Undergrad: 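This structure is in structure tokens; I'll ask about it shortly.
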Amino acid sequence: MNNIVLFKDRAYCCGCGACWASCPRNAISMVEDEYGCKYPIINESICIKCGKCLKMCKYQNVKSGKNPIVAYAAKTKNEQILNKSASGGIFASLAYEIIALGGYVAGAVLEFNQNQKITVHHILSNNKGNIELMQGSKYVQSDAWRCYKEVIQIVKSGKQVLFCGTPCQVDAIKQITGNPDNLITIDLICHGVPPARMLQDYLKVMGKTLGGHITGFQFRDKTCHKEWTSKITIKKGKKEKNYFIPSRFVSFYKYFLESVIYRENCYTCPYANLKRVADLTIGDFWGIEQYHKDDLGRDTNGWSCVLINTKKGKDFFDMHGSGIQKFLSKAEWIEKNNHQLRHPSMKNEQRKNVLDSYKNHGYKKVEHRYRKRNGGKFKYYYRLFKEIYYNSKQ
């Protein structure tokens, strides 16, 4: 048999890792390209040509998902959960319920090691203390495949697992587990995913700007009661300090929002539509005031949208959603302000130049380009530290 070809080019691989988890000989490694995006590589000296990896690849064989059964505007009733969530705290609220009943939860965490290096990966846990690590938007691709084999073992034992990830990760876990009744899946309304290495390199540059080592980072923090504020924790000597920075000063975040730095396949993503592969879909409810003014009153902040896509998802949400405030909405209203429910993100014209700068000169050059576009180095510094000072007084 000829050597197995997992994908023709990078547009045909989402990096979900289903092939890695399914290989009976551990012949597949997930290897970074020049930008830090991970792709499966086969060790031909170990591969037995069984073809199981190809059979497990859902991304190249996507079947149509399901139209939502019902749609909600929703947010957790728990103020503490809400404040630590990027949006309405739906995932965390459901996760606490599952663990309290003896189940497990799988979600993405961003962790710093002792050398200030980050890893973004999925963990499977039945410890409530780990839910907070899974909260908040990560905006990079998580190594979800690292927990797949654990999920297989737990669902086989009969215990319930709640898995949250991007649509391609959800389709992968459904495929390799067989999607049993005790597996509940939540997919995110996903723009696309940049590589974690690029975020790591951004944080190094920003650490030098702020005069220390970054030991913590959150893209969307609610401490200052602003929609688009990031929290950066800096260590200087033995002391740590939090800086609250508007997203316009966070180049990585802006390039994410502008569709500049996603992996190649994200721009042709087959999951970017209203036919969903998960039991539940969650995301920000942009434009909620247009449709639910009377329902909201003055409570306009932190609302999520929830799409219920399967009977299993409906039964689960009805049973475990007592801690969630919700009211009926319409999928078409949610779709209107979430273009990822209509089509994939479109490549930004800056993408090639930004990625070439990163590949050839590192993130320092990317940051230089961004600061130049925003008035130049000194104007950027003045505005940045002015905002930091203002937010420190809030």
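As the structure is a computational prediction, the values presented were derived from the model and not from experiment.
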Undergrad: Can you tell me if Thr177 uses its side chain to pair, donor with acceptor, with the backbone of Ile173 under 3.5 Å?
TA: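 Yes, because the side chain of Thr177 sits within donor-acceptor range (under 3.5 Å) of the backbone of Ile173.
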
Undergrad: Side-chain contact, heavy-atom cut-off 4.5 Å: Tyr72 with Phe317?
TA: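 Result yes, sub-4.5 Å side-chain heavy-atom pair found.
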
Undergrad: Taking the six-membered ring for Trp, are Tyr380 and Tyr382 ring centroids under 6.0 Å apart?
TA: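 So the answer is no for these two rings.
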
Undergrad: Evaluate the side chain to side chain contact (heavy atoms under 4.5 Å, CB included) criterion for residues Ile118 and Leu110: first the C-alpha distance (whole Å), next the side-chain angles of each, then the deciding distance (0.1 Å), finally the verdict.
TA: CA-CA 7 Å; Ile118 66 167; Leu110 188 158; 4.2 Å; yes

Undergrad: At their closest point, which heavy atom of Ser329 faces which heavy atom of His292, and how far apart are they?
TA: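 In this case the closest contact between Ser329 and His292 is OG-NE2, 2.8 Å.
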
Undergrad: Say whether, by atom type as modelled, one donor and one acceptor occur between the side chain of Asn338 and the main chain of Gln340 under 3.5 angstrom.
TA: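 Pair absent, no side-chain N/O of Asn338 close to backbone of Gln340.
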
Undergrad: Please report whether the ring centroid of Tyr39 lies less than 6.0 Å from that of Phe7.
TA: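 When the ring centroids of Phe7 and Tyr39 are compared, they turn out to be within the sub-6.0 Å range.
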
Undergrad: Does a side-chain N-to-carboxylate-O contact under 4.0 Å join Asp299 and Lys75?
TA: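 Yes, charged N to carboxylate O under 4.0 Å.
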
Undergrad: Going only through I, L, V, M, F, W and Y residues with side-chain contacts under 4.5 Å, is there a path from Val120 to Ile261?
TA: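 As far as the 4.5 Å side-chain criterion goes, Ile261 and Val120 are connected within one cluster.
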
Undergrad: Cut-off 3.5 Å, side chains only: do Tyr35 and Arg263 have a donor facing an acceptor?
TA: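 Judged by distance alone, the side chains do not pair up.
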
Undergrad: Taking the side chain as every heavy atom from C-beta outward, state whether Lys365 and Tyr358 have any atom pair closer than 4.5 Å.
TA: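 No, every pair of side-chain atoms sits at 4.5 Å or beyond.
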
Undergrad: Would you check if the distance from the ring center of Tyr262 to the ring center of His191 is below 6.0 Å?
TA: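 Not under 6.0 Å, so no.
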
Undergrad: Using every non-hydrogen atom in the two residues, find where Gly165 and Val170 come nearest and quote the distance to one decimal.
TA: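 Smallest heavy-atom distance, with atoms named: O-CG2, 4.0 Å.
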
Undergrad: Determine whether more than 12 heavy atoms belonging to other residues, nucleotides or ligands lie under 6.0 Å from atom NZ of Lys330.
TA: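 Result for NZ/Lys330: open.
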
Undergrad: Can you list the steps and then say if Ile334 with Tyr291 is a side chain to side chain contact (heavy atoms under 4.5 Å, CB included)?
TA: CA-CA 10 Å; Ile334 294 167; Tyr291 310 109; over 6 Å; no

Undergrad: Report yes if some heavy atom in the side chain of Phe219 is under 4.5 Å from a heavy atom in the side chain of Leu199; otherwise report no.
TA: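 Answer yes - side chains close enough.
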
Undergrad: Is the backbone N or O of Leu6 less than 3.5 Å from a side-chain atom of Gln60, with the two atoms forming a donor-acceptor pair by type?
TA: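 It does hold such a pair.
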
Undergrad: Report, as yes or no, whether the 6.0 Å neighbourhood of atom CD on Glu132 holds more than 12 heavy atoms from other residues, nucleotides or ligands.
TA: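 Check fails, neighbour count at 12 or below.
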
Undergrad: Is it possible for you to check whether Lys347 lies under 6.0 Å from the centre of the six-membered ring of Tyr267, through NZ or CZ, and within 45° of that ring's axis?
TA: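 Positive - Lys347 is close enough to the ring of Tyr267 and near enough to its axis.
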
Undergrad: Applying side chain to side chain contact (heavy atoms under 4.5 Å, CB included) to His320 and Ile98, what does each step give before you reach the verdict?
TA: CA-CA 8 Å; His320 301 291; Ile98 286 296; 4.3 Å; yes

Undergrad: For this output row, return yes or no: ring centroids of Phe252 and Tyr370 closer than 6.0 angstrom.
TA: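 Between Tyr370 and Phe252, which both carry aromatic rings, the centre distance is not below 6.0 Å.
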
Undergrad: Under 4.5 Å between side-chain heavy atoms, hopping through other hydrophobics if needed: is there a path connecting Ile234 to Tyr381?
TA: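 Hydrophobic grouping puts Ile234 with Tyr381.
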
Undergrad: Check for me, please, whether Trp145 and Leu183 land in the same ILVMFWY cluster - side-chain distances under 4.5 Å, paths through other members count.
TA: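 In one cluster: yes.
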
Undergrad: Just wondering, are more than 12 heavy atoms of other shown residues or ligands nearer than 6.0 Å to CD in Glu258?
TA: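 For Glu258, atom CD is crowded (more than 12 foreign heavy atoms under 6.0 Å).
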
Undergrad: Write down the atom of Lys159, the atom of Asn182, and the distance for their closest heavy-atom approach.
TA: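 Reported closest heavy-atom pair: O-ND2, 2.8 Å.
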
Undergrad: Just so I know, are the side chains of Ile90 and Ile324 near enough to count as touching, which here means a heavy-atom distance under 4.5 Å?
TA: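 Heavy-atom side-chain distance check passes, below 4.5 Å.
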
Undergrad: Cation-pi check, Lys241 to Tyr243: give yes when NZ or CZ is under 6.0 Å from the six-membered ring centre and within 45° of the ring axis, no otherwise.
TA: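 Yes.
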
Undergrad: Is NZ or CZ of Lys326 both nearer than 6.0 Å to the six-membered ring centre of Trp303 and within 45° of the ring axis?
TA: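 The answer is no, since Lys326 fails at least one limit relative to Trp303.
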
Undergrad: Is the backbone N or O of Cys14 less than 3.5 Å from a side-chain atom of Gln141, with the two atoms forming a donor-acceptor pair by type?
TA: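 Looks like yes, one N/O pair under 3.5 Å.
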
Undergrad: Check this for me: Lys77, atom NZ, are more than 12 non-hydrogen atoms of other residues, nucleotides or ligands nearer than 6.0 Å?
TA: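 Above 12, so yes.
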
Undergrad: Using a strict threshold of under 4.0 Å (side-chain N to carboxylate O), is an ion pair present between Asp201 and Lys364?
TA: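 Looking at Asp201 together with Lys364, the answer is no, because their closest N to O distance does not fall below 4.0 Å.
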
Undergrad: Under a 3.5 Å threshold, yes or no: a donor from one side chain and an acceptor from the other, between Ser125 and Asn127?
TA: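 Looking only at side-chain atoms, Asn127 and Ser125 do not form any donor-acceptor pair under 3.5 Å.
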
Undergrad: Consider only side-chain heavy atoms of I, L, V, M, F, W and Y, link residues closer than 4.5 Å, and tell whether Ile184 and Phe91 are in one cluster.
TA: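 Linked within one cluster.
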
Undergrad: Please test Cys53 against Cys23 for side chain to side chain contact (heavy atoms under 4.5 Å, CB included), starting from the C-alpha separation and ending with a verdict.
TA: CA-CA 6 Å; Cys53 52; Cys23 180; 5.7 Å; no

Undergrad: Do any N or O atoms from the side chain of Arg220 and from the backbone of Gly136 form a donor-acceptor pair under 3.5 angstrom?
TA: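 No.
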
Undergrad: Side chains of His339 and Ser345, heavy atoms from C-beta outward: is any pair under 4.5 Å?
TA: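 When only atoms from C-beta onward are counted, Ser345 and His339 do touch, with a gap below 4.5 Å.
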
Undergrad: So, Phe163 versus His122, ring centres under 6.0 angstrom or not?
TA: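 Ring centres of His122 and Phe163 closer than 6.0 Å.
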
Undergrad: Is any side-chain heavy atom of Pro167 less than 4.5 Å from a side-chain heavy atom of Cys190?
TA: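 Yes - at least one pair of side-chain heavy atoms lies under 4.5 Å apart.
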
Undergrad: Heavy-atom count around Glu44 CD within 6.0 Å, excluding the residue itself: above 12?
TA: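 Yes - once you tally the heavy atoms of other residues, nucleotides and ligands closer than 6.0 Å, there are more than 12.
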
Undergrad: Let's go through Thr76 and Asn78 carefully: what are the C-alpha distance in whole Å and the side-chain angles of both, what is the deciding distance for side chain to side chain donor-acceptor pair (under 3.5 Å) to 0.1 Å, and is it a yes or a no?
TA: CA-CA 5 Å; Thr76 179; Asn78 186 307; 5.6 Å; no

Undergrad: Taking the side chain as every heavy atom from C-beta outward, state whether Val151 and Tyr104 have any atom pair closer than 4.5 Å.
TA: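 They are not in contact (no side-chain heavy atoms under 4.5 Å apart), so the answer is no.
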
Undergrad: Under a 3.5 Å threshold, yes or no: a donor from one side chain and an acceptor from the other, between Glu240 and Thr215?
TA: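 Side chains of Glu240 and Thr215: pair found under 3.5 Å.
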
Undergrad: Are Leu124 and Ile152 connected in a single hydrophobic cluster, I mean Ile/Leu/Val/Met/Phe/Trp/Tyr linked by side-chain heavy atoms less than 4.5 Å apart?
TA: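 Yes, it is one cluster - the side chains of Ile152 and Leu124 are joined through contacts under 4.5 Å.
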
Undergrad: Would you say Arg146 and Thr119 are linked by a side-chain donor-acceptor pair, where the criterion is simply a distance under 3.5 Å?
TA: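 Distance-only check fails for Thr119 and Arg146.
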
Undergrad: Evaluate the criterion side chain to side chain donor-acceptor pair (under 3.5 Å) for residue pair Tyr271 and Asp187; output intermediate values, then yes/no.
TA: CA-CA 10 Å; Tyr271 299 105; Asp187 67 4; over 6 Å; no

Undergrad: For the pair Thr185 (side chain) and Ala278 (backbone), establish whether a donor and an acceptor sit closer than 3.5 Å, ignoring hydrogens and angles.
TA: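 Here the side-chain-to-backbone pair does not exist.
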
Undergrad: Assess, by modelled atom type and distance only, whether the side chains of Glu367 and Ser251 contain a donor and an acceptor separated by less than 3.5 Å.
TA: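 A donor-acceptor contact under 3.5 Å links the two side chains.
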
Undergrad: Before accepting this row, confirm whether a basic side-chain N of the pair Glu32/Arg197 lies closer than 4.0 Å to the acidic partner's carboxylate O.
TA: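 A salt bridge is present here (some side-chain N lies under 4.0 Å from a carboxylate O).
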
Undergrad: With ring centroids as reference points, do Tyr253 and Tyr139 lie under 6.0 angstrom apart?
TA: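 Yes.
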
Undergrad: Could you tell me which non-hydrogen atom of Arg276 sits nearest to which non-hydrogen atom of Asn309, and how far apart they are?
TA: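 Smallest heavy-atom distance, with atoms named: CB-ND2, 3.3 Å.
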
Undergrad: Is atom NE2 of His213 surrounded by more than 12 heavy atoms (other residues, nucleotides or ligands) closer than 6.0 Å?
TA: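 Not buried by this count: 12 neighbours or fewer within 6.0 Å.
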
Undergrad: Got a salt bridge between Lys312 and Asp181, using NZ or NE/NH1/NH2 to carboxylate O under 4.0 Å?
TA: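 The answer is no: the pair does not qualify as a salt bridge.
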
Undergrad: Identify the heavy atoms of Thr281 and Ile189 that sit nearest to each other, and give their distance.
TA: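 Taking every non-hydrogen atom into account, CG2-CG1, 3.7 Å.
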
Undergrad: Taking all non-hydrogen atoms of both residues, which atom of Lys138 and which atom of Ala108 are closest, and how far apart?
TA: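 Closest approach of Lys138 to Ala108: NZ-O, 3.1 Å.
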
Undergrad: Got a donor-acceptor contact below 3.5 angstrom from the Lys336 side chain to the Ala331 backbone?
TA: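 Such a contact is absent between Lys336 side chain and Ala331 backbone.
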
Undergrad: Let me see the working for Asn348 and Ser259 under side chain to side chain donor-acceptor pair (under 3.5 Å), right down to the final yes or no.
TA: CA-CA 6 Å; Asn348 189 301; Ser259 189; over 6 Å; no

Undergrad: Determine, for Arg351 against Glu264, whether the closest basic-nitrogen to carboxylate-oxygen distance falls under 4.0 angstrom.
TA: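 Yes.
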
Undergrad: Salt bridge check, Lys84 against Asp221: does any charged N sit closer than 4.0 Å to a carboxylate O?
TA: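 Salt bridge: no.
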
Undergrad: Tell me, do Val161 and Val105 make a side-chain contact under 4.5 Å, heavy atoms counted?
TA: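 Contact flag for Val161/Val105 side chains = no.
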
